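The structure appears right after this line, and notes come after that.
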Amino acid sequence: MPNAEQPSPRRRDADAEYSYRRPLALHEMVPAIGIAIGTGLFAFYLMRLLMERTPLRVDRRPRVRGRVTESSVDA
């Protein structure tokens with residue numbers, strides 16, 4: 001059973017490496033903001049390229065002129 005007077009080695013290491021979070025100033029966040037904006041623009045550009053590309057398989061259906069639809073018959 002561990003002795004109550006001596007802290008365990010694990011507890012002692014955790015105390016030595018303790019850090020706290022502090023609020024960041026704007027000039028400290030500029031690199032992170034720049035990376036976020038750059039990543040967003042790159043993702044937008046990449047999706048735009050993928051959406052504009054020519055499809056690999058094109059459905060070629062013959063066009064029928066003067067095709068009668070239900071909406072033109074009802075009118």
Side-chain angles (χ1 to χ4, degrees):
M1 182 165 201
N3 187 357
E5 293 178 15
Q6 293 179 346
S8 68
R10 189 167 136 197
R11 174 81 176 149
R12 198 174 353 185
D13 292 342
D15 290 340
E17 296 179 16
Y18 178 76
S19 63
Y20 62 94
R21 296 180 71 173
R22 62 182 178 86
L24 296 175
L26 182 61
H27 71 277
E28 294 173 317
M29 289 190 287
V30 168
I33 292 171
I35 290 171
I37 291 172
T39 303
L41 288 173
F42 177 73
F44 175 77
Y45 176 72
L46 185 63
M47 287 307 301
R48 184 174 160 210
L49 282 178
L50 291 174
M51 291 177 71
E52 288 180 348
R53 69 187 175 112
T54 305
L56 296 176
R57 191 177 104 189
V58 179
D59 293 334
R60 298 199 183 266
R61 288 181 269 164
R63 295 186 182 208
V64 179
R65 291 184 182 228
R67 190 172 81 187
V68 178
T69 61
E70 290 181 32
S71 60
S72 63
V73 173
D74 293 335

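It should be emphasised that the depicted structure is a prediction, and the values quoted were computed from it without experimental measurement. For reference, positions follow the sequence shown, starting with 1.
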Fill in the blank from the handout: Taken in chain and number order and not counting sequence neighbours, the residues that satisfy side chain to side chain donor-acceptor pair (under 3.5 Å) with R48 are E52

Handout entry: ILVMFWY network linking I37 to M29, side-chain heavy atoms under 4.5 angstrom
Key = yes

Practice task
Determine, using the 4.5 Å side-chain heavy-atom cutoff (strictly less than), whether L50 and L41 are members of one ILVMFWY cluster.
Solution key: no

Exercise for the section: Keeping to residues at least two apart or across chains, list the salt bridge (Lys or Arg N to Asp or Glu O under 4.0 Å) pairs with something in residues 27-38. Expected result: R22-E28

Practice task
Using the test side-chain contact (heavy atoms from CB on, under 4.5 Å), find all partners of A32 that sit at least two apart in sequence or belong to another chain.
Solution key: none

